[in-house]
Amino acid sequence: MIRVVIVEDEKIIRRNLIEAIDWAAEGCKIVAECRTAEEGLEAIALHLPQIIVTDINLPGISGIEMLDLASERGYHFEPIIITGYGYFEYAKRAIELSVVDYILKPIDERQLQLAVQKALQKLEDRQALKELKGIISHDYSIDQVAKESKDIYVQKVLEVIGNRYTEYLSIDAISEEVGLSPGYLSRKLKAETGMSLLELHHRHRIEVAVSLIKEHAEMKYYEIAEMVGFASYKRFSLVFKKYCGCAPRDLRKREGDEG
């Protein structure tokens, strides 16, 4: 369940926030109800919530200051702002904090539900991005696999992939190049890396494509597909989704949200 902390000094409004929607149906659990920002900070440290719903106008330090302090202390969460003050300055500061939504009192139940669903979507996107970064980490890079392998033939194959990943590479041609039979080389690659030649080739192409997507926002997806050796964007997109869990355009969008 997604952990939620609610910070609201007015008891009636706090109760309304708790009862306005079916939190469990949204996959959420309210782990703390706080009256002040100081209580909120203690709850954040104790429960590590993924969503914080807070009023701006609190006794002592404001809800905005509380979110600032929590962020500075390294906590990660999606904030939803509740306030009776519709001033532009508050909205602007909320935007700077990447607030999911800015809800004015009196609280509209449907708007609160939509805000929570937005927060859940952002959390899901962040998790997908985290998993994606794990997929393209050094554990899967050609250089890292080559360093970890003690087999000279596997190292030669990985070197070929690294230098000629834009070309069509067949097990027959590479096995002749390194001086082994295709079947024996295939078994050796699988035993050493857990992957076939095609999987290693595709992983490296996608790793290069991910770098291009992240570093060159001006590049078209079909241009990136061609640069890493795919004959068609459709094929590139299918392979990309297999190894990354999302389409190329979704990665670029997630990178923008993360930034």
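Hydrophobic cluster membership differs between I52 and L114, with clusters built from Ile, Leu, Val, Met, Phe, Trp and Tyr side chains linked at under 4.5 angstrom. Using a 4.5 Å cut-off between side-chain heavy atoms of Ile, Leu, Val, Met, Phe, Trp and Tyr, with links allowed through other members, L48 and I44 fall into the same hydrophobic cluster. Using a 4.5 Å cut-off between side-chain heavy atoms of Ile, Leu, Val, Met, Phe, Trp and Tyr, with links allowed through other members, L67 and L46 fall into different hydrophobic clusters. When hydrophobic clusters are built by joining Ile, Leu, Val, Met, Phe, Trp and Tyr residues whose side-chain heavy atoms come closer than 4.5 Å, directly or via intermediates, M219 is grouped together with V208. By the rule that hydrophobic residues join a cluster once side-chain heavy atoms approach within less than 4.5 Å of another member, V154 and Y184 end up as members of one cluster.
Residue R35 qualifies as open at atom CZ: its count of foreign heavy atoms under 6.0 Å is 12 or below. Surrounding NE2 of H216 are more than 12 heavy atoms belonging to other residues, nucleotides or ligands, all under 6.0 Å away. Applying the 6.0 Å contact sphere to OH of Y153 captures no more than 12 heavy atoms from other residues, nucleotides or ligands.
A donor-acceptor contact shorter than 3.5 Å is absent between the side chain of E33 and the backbone of I6. Checking side-chain atoms of E8 against main-chain N and O of E10 turns up a donor-acceptor pair under 3.5 Å. Between the side chain of R205 and the main chain of G229, a donor-acceptor pair closer than 3.5 Å is present.
Taken to the nearest 0.5 Å, the CG atom of L212 stands 11.5 Å off from the NZ atom of K214. A distance of 4.0 Å separates CG of L200 from OG1 of T193, quoted to the nearest 0.5 Å. Note that the CG atom of L238 and the OG atom of S232 stand 8.0 Å from one another [nearest 0.5 Å]. Once rounded to the nearest 0.5 Å, the distance linking CG of L158 with CG of N163 reads 11.0 Å. In this structure, the separation between NE2 on H47 and CD on E42 is 10.0 Å, given to the nearest 0.5 Å. The distance from the CG atom of L169 to the NE2 atom of H201 is 4.0 Å, given to the nearest 0.5 Å.
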Decide side-chain contact (heavy atoms from CB on, under 4.5 Å) for K188 and V157; before the verdict, give the C-alpha distance in whole Å, the side-chain angles of both, and the deciding distance to 0.1 Å.
CA-CA 11 Å; K188 189 176 281 291; V157 172; over 6 Å; no
I'd like to know whether E109 forms a side-chain contact (heavy atoms from CB on, under 4.5 Å) with L112, so could you lay out the CA-CA distance, the side-chain angles of the two residues, the decisive distance to 0.1 Å, and finally the verdict.
CA-CA 5 Å; E109 295 178 6; L112 176 62; 5.7 Å; no
Check against side-chain contact (heavy atoms from CB on, under 4.5 Å), E26 and L120:
CA-CA 9 Å; E26 298 294 342; L120 293 171; 4.2 Å; yes
Starting from the C-alpha separation in whole Å, work towards a yes-or-no answer on side-chain contact (heavy atoms from CB on, under 4.5 Å) for V4 and V116.
CA-CA 10 Å; V4 180; V116 170; over 6 Å; no
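Checked for salt-bridge contact, E177 and R164 meet the test: a charged N lies under 4.0 Å from a carboxylate O. Taking a cutoff of 4.0 Å between a charged side-chain nitrogen and a carboxylate oxygen, E192 and K150 do not qualify as a salt bridge. A salt bridge is defined here as a Lys NZ or Arg NE, NH1 or NH2 lying under 4.0 Å from an Asp or Glu carboxylate O, and D250 with K241 fails to meet this definition. Using a 4.0 Å cut-off between charged nitrogen and carboxylate oxygen, K190 and E199 count as a salt-bridge pair.
Residues F230 and H202 form a side-chain contact, since some pair of their non-hydrogen atoms from C-beta on lies under 4.5 Å apart. Two residues are said to be in side-chain contact when any heavy atoms from C-beta on lie closer than 4.5 Å; F240 and L251 meet this criterion. Annotation: side chain of V7 is not in contact with side chain of E39 (no heavy-atom distance under 4.5 Å). Looking at V31 and V5, their side chains come closer than 4.5 Å, going by heavy atoms from C-beta outward. A heavy-atom distance below 4.5 Å is found between the side chains of V210 and C244. Between M227 and I224 there is no side-chain heavy-atom pair separated by less than 4.5 Å. The shortest distance between side-chain heavy atoms of I103 and I82 falls below 4.5 Å. At least one side-chain heavy atom of I64 sits less than 4.5 Å from a side-chain heavy atom of I81.
Between D9 and P59 the shortest heavy-atom distance is CB-CD, 3.6 Å. Considering every non-hydrogen atom in both N57 and D55, the closest pair reads N-OD1, 3.2 Å. I51 and C28 make their closest contact through CD1-SG, 4.4 Å (heavy atoms, listed as atom of the first residue, atom of the second, distance). In plain terms, the two heavy atoms of L17 and W23 that are nearest each other are O-NE1, 3.2 Å. Heavy atoms only, all atoms of each residue included: L197 and I171 are closest at CD2-N, 3.5 Å. Among all heavy-atom pairs drawn from S175 and S181, the shortest one is CB-C, 3.9 Å.
R203 forms no cation-pi arrangement with Y243, by the criterion of a distance under 6.0 Å to the ring centre and an angle within 45° of the ring axis.
The aromatic rings of Y221 and Y233 sit tilted, their planes meeting at an angle between 30° and 60°.
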